Each structure stands twice: as structure tokens, then as C-alpha cells.
Amino acid sequence: MKKKNVMALAVAAALGLGVLPPAANAVSSRDIQQKRSEIDALRSKRSEVQGKISESQKNIESLQSQQKQVANDIAKLNVAIEETSGKIRNVSADIDQTERAITQLKQEIAEIQERIEKRNEILKERLRSLQESGGAISYLEVLLGAQSFSDFIDRMSAVTTIMEADQQIVREQEADKALKEKKETELTEKRNKLQADLQELKQLQASLAGQLEQKNQLMADLKQKEEEEHEHQLALEEQNELIAKQEAAVKQQLAELERQKRAEEEAAKQRARTYSPPASKNGGEAPSGGSVPPVSSGAFTRPANGPITSGFGYRFGGTDFHPGVDIGKRAPVVPVVAAADGVVFRSYYSSSYGNVIFVSHIIDGQLYTTVYAHLEARLVGEGQRVQKGQIIGYMGNTGDSTGPHLHFELHRGEWNPGKTNAVDPRNYIAF
């Protein structure tokens with residue numbers, strides 16, 4: 001009897017095993033190895049991004065060093081400009097003083113000229129007198145007309161005095177002319193030299209001002225480049241953090257695969273993943289009163305109710321690539337659900353995405369990533385497992401958004417800043 005019971009149980013067990021679904025979803029060593037390869041790839045990307053962060057930091061330090069050097073150059077130029085301005089003031093003062101001296105000289109020259117003209121009149125008068133009296137012969141007649149030796153001596157002395165007076169007039173005339181020419185030459189040369197020095201200093205001042213303007217422009221350019229490099233570094237750091245979160249999510253998925261693999265080996269049978277959807281997944285009302293989309297068959301389900309307002313691909317005349325689809329908000333409160341089972345590896349506020357959630361999925365051994373952006377509120381945190389159709393947030397208008405909607409992305413593989421793995425969600429989901 002006992003043997004019959006044992007046999008019956010064995011047959012029942014055999015029949016039970018026969019009705020189990022095929023091991024299509026069984027975890028294979030290939031799946032595990034693929035996850036490990038993905039982890040290695042993410043680590044390699046993190047290393048690459050960290051190298052770029054280090055390079056960006058070096059660029060920032062180089063730009064700061066260049067700014068320091070330019071600042072020193074600007075300080076030197078300011079000192080040189082100040083010194084040149086002082087020299088210009090001094091030379092201008094010397095020119096003013098020279099001009100005043102020239103004015104004084106003109107008065108002196110006028111006086112000299114007056115003396116010269118008076119002497120000219122005296123000399124002309126003497127010349128006329130000589131011509132009228134016969135010139136030098138008159139002097140002889142004066143001497144020969146002496147009545148006595150004493151008279152002769154007196155006449156000789158008078159003639160000598162007159163001749164010396166005439167010669168003195170001529171010497172004074174020549175001296176005044178020479179003095180006039182000398183003063184005119186000296187002051188003219190001095191004024192010309194000062195004016196040349198002033199022009200040279202002004203050219204130097206203009207050159208220094210031009211150099212200062214160039215240095216100021218260079219400083220502005222360096223500061224702009226440093227600001228851009230800081231923004232680039234922040235983007236790299238955010239990318240590095242995102243890759244780290246992806247790596248952690250894949251590690252968690254790997255651990256789950258390994259756990260499933262061990263369970264399968266221990267039980268020696270296929271373990272199909274089972275899922276009991278919550279009541280809100282059947283197209284009913286969300287706790288807030290919004291409409292929840294029904295969970296569809298297939299790998300993915302619709303993430304939110306509403307019309308597609310912008311599709312996947314290039315738009316605006318081919319100048320802007322849209323890596324997902326936009327679902328318009330047509331109700332006061334619109335819940336957003338997970339498109340498939342997965343792990344939240346990023347849940348935060350982004351300046352571009354606004355409130356955004358990144359979810360990593362493994363479907364038939366393939367890694368997928370979904371992105372839910374511009375949310376009004378996020379209901380799940382990083383590291384949290386979510387189920388297909390589970391409410392994870394509410395549609396909103398945060399970040400770089402022109403109106404209330406859900407920006408939804410689907411990536412076949414990991415998410416990356418270039419969105420190279422993005423695929424058209426409409427090829428996977430019936431909207």
C-alpha cells in the first residue's frame with residue numbers, strides 16, 4: 001500500500017513537472033556573464049569619465065594660472081601707463097614753459113630789433129655824412145687843418161674817438177644779430193624736441209592702452225573658458241555619478257540573476273517570474289484621482305495616459321534630435337507608472353530633465369533603461385525595485401520644459417549622455 005502511494009506521488013510529481021512552462025526565461029550562465037560584461041563596461045566608462053574630470057581640473061588650473069599671469073601683466077601695464085601719463089604731464093609743462101620763454105624771447109627780439117634798426121639809422125646817417133664829406137678824406141682834412149701841434153693832437157683824438165664809436169656800433173649790431181639768431185635757434189630746437197618727446201610719449205601711451213585692452217579681453221576670455229570648463233566638469237561629475245548608479249543597479253541585477261541561478265540549480269526546475277499587479281493597474285483611479293493606464297501584455301506597458309505630442313527622432317526641420325516621446329497632460333493629475341519591472345538607479349532633480357527617474361530593466365537577458373522626466377513628484381527612490389504598472393510619480397512641468405507633459409525615453413542598453421542607445425518607444429509599446 002505504501003509502495004503504491006509512493007508511486008502515485010512520483011507519477012503526480014512527474015505530471016506536475018510536465019505542465020510547468022518551458023525554461024525559456026531560465027537564467028543562463030550567458031546572462032550572468034553578460035551582466036558582468038556590462039559592469040566591466042560601466043567601470044571602464046567611469047574610469048574614462050574620471051580621467052576627463054581630472055583633465056578638466058587640469059584645464060581649470062591652467063586657466064587660473066594664465067589668469068594670474070595676465071593679472072600681473074595688467075598690473076604692470078597700469079603702472080607703465082601711470083608713469084607715461086606723468087611724463088606726458090611733465091613734458092606738457094615743459095612745453096608750456098618753453099612757449100612762455102618763446103613769448104618772452106619775442107619781446108626781447110623786438111627790443112633787439114629796435115636797437116638794430118636805430119643803429120641802422122645811425123650807420124646810414126654816418127654813411128651819408130661820409131659820402132657828403134668825401135669819406136676818409138674828410139678825416140685827413142680835419143687833421144691837416146690843425147693850426148698848431150696841440151690842435152693836431154686834439155683833432156687826432158677826436159677822429160679816433162669818432163672812428164671807435166662807429167666800430168662799436170657795428171660790433172654791437174653784429175652781436176645783437178647773433179644773439180637774436182642764437183636764442184631763436186635754441187628755443188625752436190627745444191620746443192621741437194619737447195613736442196617730439198610728447199608725441200612719442202602719447203604713442204607709447206596709446207600702445208600701452210591697446211595692450212591693456214588686449215589683456216583685459218584675454219582675461220575675460222580666460223574667465224569665460226574657466227566658467228565653461230567648470231560647467232563641463234559638473235556635467236562630467238553628474239555623468240560619473242549616473243554611471244555609478246547604473247553600475248550599482250546592474251550589480252543588483254547580477255546578484256538577483258545569481259540568486260535565481262542558484263535557486264534553479266538547487267530546485268532543478270525553471271522558476272518563472274510571477275507578478276500580481278496592484279488593483280490600480282487595471283485602468284482604475286490612482287490614489288490622487290488620476291487615471292492609471294492599464295497594464296498591457298508584452299515586455300513594456302504605456303507609462304502614462306495622454307496623447308503623443310512629440311515623437312521620436314529629428315524635429316524642427318532636422319536641427320533637433322528628440323530621443324524619446326512626449327505624452328501630453330490632459331487631466332489635473334496624471335500618474336506615471338513603470339513601463340516594466342526593474343530597479344531605480346537614479347531619482348533626482350536635473351536642471352534639464354527636472355524631476356526625473358531612471359529605471360534599469362533586464363528583459364530576456366537584455367538590459368533596457370527607461371527615463372521619466374519633467375515629473376511634478378517622484379514616489380520612488382534610488383535602489384528601489386519597481387513593478388510593471390506601479391505608480392512611480394506624477395506628470396509635471398519641471399526642468400527645461402515648455403508645458404506640462406511626460407518626456408519618456410527607452411534605451412536598449414545603458415543610458416549615456418549622447419543618447420546613442422535610444423530607441424523609438426512606439427516600436428515597443430502600443431500607445
Side-chain angles (χ1 to χ4, degrees), residues 42 238-239 241-257 259 273-296 299-306 324-327 329 331-363 367-399 401 404-411 413-415 422 425 428-429:
L42 288 169
E238 184 174 354
Q239 181 182 352
E241 184 179 357
L242 184 60
I243 294 173
K245 298 291 185 180
Q246 285 183 282
E247 182 181 345
V250 176
K251 284 182 179 178
Q252 186 174 350
Q253 293 166 355
L254 174 62
E256 179 65 18
L257 287 175
R259 185 194 66 76
R273 297 173 68 184
T274 59
Y275 170 58
S276 299
S280 63
K281 294 182 182 180
N282 297 321
E285 297 295 316
S288 59
S291 176
V292 179
V295 177
S296 62
F300 297 95
T301 190
R302 184 187 182 100
N305 282 331
V325 296
D326 291 345
I327 302 174
K329 185 178 181 183
V333 178
V334 179
V336 176
V337 302
D341 293 354
V343 177
V344 178
F345 68 89
R346 197 79 167 96
S347 177
Y348 75 120
Y349 185 88
S350 164
S351 59
S352 57
Y353 277 136
N355 280 314
V356 62
I357 297 172
F358 291 77
V359 181
S360 183
H361 316 271
I362 296 178
I363 299 174
L367 171 67
Y368 291 90
T369 304
T370 54
V371 181
Y372 313 78
H374 308 312
L375 300 175
E376 180 180 280
R378 293 176 280 115
L379 304 183
V380 292
E382 296 176 2
Q384 182 175 341
R385 293 190 62 82
V386 294
Q387 295 175 317
K388 182 180 179 183
Q390 177 183 341
I391 298 176
I392 60 175
Y394 292 97
M395 193 181 294
N397 187 30
T398 58
S401 172
H405 71 286
L406 170 68
H407 174 77
F408 176 73
E409 295 177 14
L410 176 60
H411 301 259
E414 71 275 1
W415 181 94
Y428 295 79
I429 304 172

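What you see is a predicted model, and the numbers here were worked out from it, not measured in a lab. FYI, the numbering just counts along the sequence from 1.
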Would you confirm whether Thr301, through its side chain, and Gly389, through its main-chain N or O, come within 3.5 Å as a donor-acceptor pair? no

So CD1 of Ile429 and CZ of Arg302: to nearest 0.5 Å the spacing works out to 9.0 Å

When rounded to the nearest 0.5 Å, the distance separating NE2 of His361 from NE2 of His411 is 10.5 Å

Looking only at heavy atoms, the pair that brings Ile327 and Asn305 closest together is CG2-O, 3.7 Å

What one should report as the nearest heavy-atom pair of Gln253 and Ser360 is NE2-OG, 2.7 Å

>> Is there a side-chain contact between Trp415 and Glu409 in this structure, where contact means two heavy atoms from C-beta onward sitting under 4.5 Å apart?
In response: yes

On a heavy-atom basis, the closest approach of Arg378 and Ser347 is NH1-OG, 3.0 Å

Across all chains, not counting sequence neighbours, the salt bridge (charged side-chain N to carboxylate O under 4.0 Å, His left out) partners of Glu238 are none

Below 4.5 Å, heavy atoms only, C-beta onward: do Gln390 and Val337 meet side chain to side chain? no

Between the CG atom in Asp341 and the CD1 atom in Ile363, the distance rounded to the nearest 0.5 Å is 8.0 Å

Asn355 and Thr398 have their tightest heavy-atom pair at N-OG1, 3.0 Å

Between Ala304 and Pro335 the two heavy atoms that sit nearest each other are CB-O, 3.7 Å

Distance col, row His374:NE2 vs Ser350:OG, nearest 0.5 angstrom, shows 9.0 Å

Requested in this report: Would you indicate whether the side-chain heavy atoms of Leu367 and Glu414 approach each other to under 4.5 Å?
Outcome: yes

Value for OH (Tyr428) from OH (Tyr368), rounded to nearest 0.5 Å, stands at 5.0 Å

#### Entry: Test log, rule side chain to side chain donor-acceptor pair (under 3.5 Å), inputs Tyr348 and Glu241
CA-CA 12 Å; Tyr348 75 120; Glu241 184 179 357; over 6 Å; no

| query | If we only count heavy atoms from C-beta on, is the Leu242 to Phe345 side-chain gap below 4.5 Å? | reply | yes

Residues Ala339 and Phe408: closest non-hydrogen pair is CB-CZ, 4.0 Å

Show, in sequence, the C-alpha distance, side-chain angles and deciding distance for Leu375 and Tyr353, and conclude whether the side-chain contact (heavy atoms from CB on, under 4.5 Å) test is met.
CA-CA 9 Å; Leu375 300 175; Tyr353 277 136; over 6 Å; no

Would Thr370 and Tyr372 count as having a side-chain donor-acceptor pair, cut-off 3.5 Å? yes

d(Arg259 CZ, Leu254 CG) to nearest 0.5 Å is 12.5 Å

By salt bridge (charged side-chain N to carboxylate O under 4.0 Å, His left out), Glu376 pairs with (sequence neighbours left out) none

